[in-house]
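Worksheet: one structure, shown below.
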Amino acid sequence: MSRPLFLGLDSSTQGLKVTVINALSQIKYVGAINYAKDLPSYNTQDGTIPGSNSTFLTPSRMLADAMDLIFSRMKQDGFPLQNVVAISGDGQQHGTVYWKRGASTILENLNASQSLADQLKCAFSFENGPIWMDKSTTKQCRELENHVGGALEMATLTGSRAYERFSANQIFKRYQLYNDDYNNTEHISLVSSYMCSLLLGKYAPIDYSDGAGMNLMNINDLEWEPSIINAIDPKHLPEKLPNLVDPYSVAGKIAPYFVEKYGFSDSCSICTWTGDNPSSVAGLGLSEEGDVGLSLGTSTTIFSIVDRSNSCPGIEGHMFPSPVHPENNMAMLCYLNGAKSREQVRNEYAHESWDEFNTLAQSVPPGNDGIVGIHILNSEIIPVIQQTGTFIFDHDDTPLQSFPSPAHACRSVIESQLLSARVHGEALGLKAKRLLITGGASENKFICQIAADVFGCDVYASSQTDSASLGAAFRARQALICSIRGNFVTLTEALTNNTLMDVIIDREEEKYAVVELESIFQRKKVAKCNKDNHKIYSSMLSRFNHLEEILVSQSC
């Protein structure tokens with residue numbers, strides 16, 4: 001028997017990434033599609049279509065086009081797709097896709113001689129779906145919160161207060177403003193379940209972890225919350241929603257389209273997809289108390305695993321069911337202003353060069369000579385700051401019109417983002433003993449060092465910078481083993497104990513029955529905390545929180 005492979009896909013804001021692992025959980029293939037570069041006909045800005053009134057959309061067909069393109073490249077590379085036994089993936093959280101009435105017939109009859117995008121031209125009631133950057137639903141947020149008894153009650157029910165990017169509020173907006181198109185909608189998918197649906201050739205379920213990012217699922221009962229459905233559309237919304245399932249479940253076998261077009265085996269299992277942030281939990285291997293993940297991607301996200309029985313959702317931050325274990329939750333904070341804010345400062349002050357940016361920033365001592373710069377490229381949600389711009393404060397909190405030097409500007413954007421993450425993370429109960437960092441900026445040693453100094457702990461990074469697609473591959477393995485064994489198997493056990501795979505594993509690999517966990521994640525220490533610098537940053541927390549509160553009050 002050929003050695004089995006497990007494939008993970010990450011459908012993110014700016015592109016589609018793939019990671020494949022073998023039975024030893026070793027990475028055998030990585031690849032990526034960039035929407036703007038590789039699919040320019042959709043005319044997106046880094047994968048998005050910005051609009052008026054803070055709308056951000058993504059073409060649903062573009063995501064399907066990317067799937068075709070990435071598999072085409074793998075086939076051209078001679079990669080043995082026929083050996084893939086399980087596929088899972090993740091999608092950018094909160095984004096929604098609206099299938100037109102009759103679309104299920106199109107999905108169930110995909111023709112391998114045509115592209116996915118061509119066959120899906122008439123499949124959507126809304127051609128472009130809203131994504132996590134969209135902030136156009138404040139009215140709907142307040143209406144839904146008022147209906148259930150306020151922001152705290154919404155958080156208690158669903159794990160988060162009502163946020164503009166969350167799916168329920170986007171669905172409510174379409175029900176109110178675009179009722180004809182809404183009524184012509186047969187099925188509503190998240191980006192994750194949409195991509196999974198393509199692989200299945202039928203509508204896929206939504207997993208509990210990504211479902212919690214909708215303001216629509218009861219985080220305790222793990223079912224659609226009736227009070228919120230009743231506030232939106234009690235008559236028709238239930239029939240448009242998928243089933244909710246465990247994140248580590250198998251959704252079905254791969255559709256004939258992919259078997260005929262790319263050579264996948266018809267026995268390949270399609271495992272339930274989840275959100276990109278939950279998938280990063282699996283990819284980073286967060287397993288111990290005090291393990292905190294920090295994703296420095298398009299958004300800046302901080303997350304950790306907490307015991308479900310001790311979880312207490314609040315007005316700030318989010319609580320999701322764990323993507324890998326039924327007894328845990330995932331606590332998370334997500335900032336809108338991440339990579340793009342860092343890149344804007346780099347471009348303006350360092351001639352678009354990270355090397356120059358780092359040199360400038362390191363020329364100023366920790367604490368930035370008391371200069372604080374809070375960079376709000378887009379209205380922020382943690383905390384809620386509606387006004388945009390760069391807000392600069394001198395050492396005595398006097399507002400400044402400009403930075404004293406380019407060096408202060410460069411250091412300020414890193415320090416302010418990480419100080420905010422610590423302030424609000426600790427308020428949510430996240431206290432880091434070890435920081436596991438991912439995202440594009442995880443390759444920047446200077447940024448990793450500031451993270452170590454701000455949080456007061458050593459920083460580790462995986463050799464695979466895309467923890468989301470790696471986590472998807474890990475989860476494909478876990479889900480397949482759970483399905484084969486007929487019972488829940490932890491992610492750690494699924495990755496390290498190959499005897500659990502005795503139904504499918506190559507007998508030649510029996511000598512590798514147990515694999516060391518650290519060899520799987522290949523984490524390396526990239527920064528060690530400097531205690532003196534940590535004291536400087538700890539002394540800044542109260543002041544930084546005060547400056548944020550000033551901006552929050554000015555936004556009210």
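Residue numbers run from 1 in the order of the sequence given.
No side-chain heavy atom of I106 sits less than 4.5 Å from a side-chain heavy atom of W99. With a 4.5 Å cut-off on side-chain heavy atoms, S25 and R477 count as touching. Proximity of L222 to L244: side-chain heavy atoms (C-beta onward) are nowhere separated by under 4.5 Å. Two residues are said to be in side-chain contact when any heavy atoms from C-beta on lie closer than 4.5 Å; L57 and I131 fail this criterion. Between M133 and K340 the shortest side-chain heavy-atom distance falls below 4.5 Å.
Side-chain atoms of N183 and N179 include a donor-acceptor pair closer than 3.5 Å.
Summarising the geometry of H318 relative to F320, their closest heavy-atom pair is CB-CZ, 3.7 Å, with the distance given to 0.1 Å. Scanning all heavy atoms of the two residues, the minimum distance from S193 to I206 falls at OG-CG1, 3.6 Å. Residues S322 and S209 share a closest heavy-atom pair of C-OG, 4.3 Å. The minimum heavy-atom distance between Q176 and Q140, with the atom names listed, is OE1-NE2, 2.8 Å. For T272 against R475, the heavy-atom pair with the smallest separation is O-NH2, 2.8 Å.
The ring of F6 has its center no closer than 6.0 angstrom to the ring center of F474. Note: Y182 and Y175 meet the aromatic proximity criterion, with ring centroids under 6.0 Å apart.
Applying the side chain to side chain donor-acceptor pair (under 3.5 Å) rule to pairs touching residues 42-59 yields Y42-D65, sequence neighbours excluded. Screening residues 204-256 for ring pair (Phe, Tyr, Trp, His ring centres under 6.0 Å), with sequence neighbours left out, gives Y248-F488.
For NZ of K202, the number of neighbouring non-hydrogen atoms (other residues, nucleotides, ligands) closer than 6.0 Å is 12 at most. For CD of E327, the number of neighbouring non-hydrogen atoms (other residues, nucleotides, ligands) closer than 6.0 Å is 12 at most. Remark: E127 CD is loosely packed, at most 12 non-hydrogen atoms of other residues, nucleotides or ligands lying under 6.0 Å away.
Remark: K17 does not engage D276 in a salt bridge, criterion side-chain N to carboxylate O under 4.0 Å.
Cation-pi geometry between R165 and Y163 is satisfied (NZ or CZ under 6.0 Å from the ring centre, within 45° of the ring normal).
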Q) Under the side-chain contact (heavy atoms from CB on, under 4.5 Å) criterion, do I219 and T158 qualify, and how do the steps go? A) CA-CA 5 Å; I219 196 173; T158 71; 5.8 Å; no
Q | Worked verdict on F303 versus L284 for side-chain contact (heavy atoms from CB on, under 4.5 Å) | A | CA-CA 11 Å; F303 44 84; L284 289 171; 3.9 Å; yes
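If you take CH2 on W132 and CD1 on I381, they are separated by 8.0 Å, rounding to the nearest 0.5 Å.
Every residue two or more places apart in sequence or in another chain that forms a side chain to side chain contact (heavy atoms under 4.5 Å, CB included) with P256 is listed here: E260.
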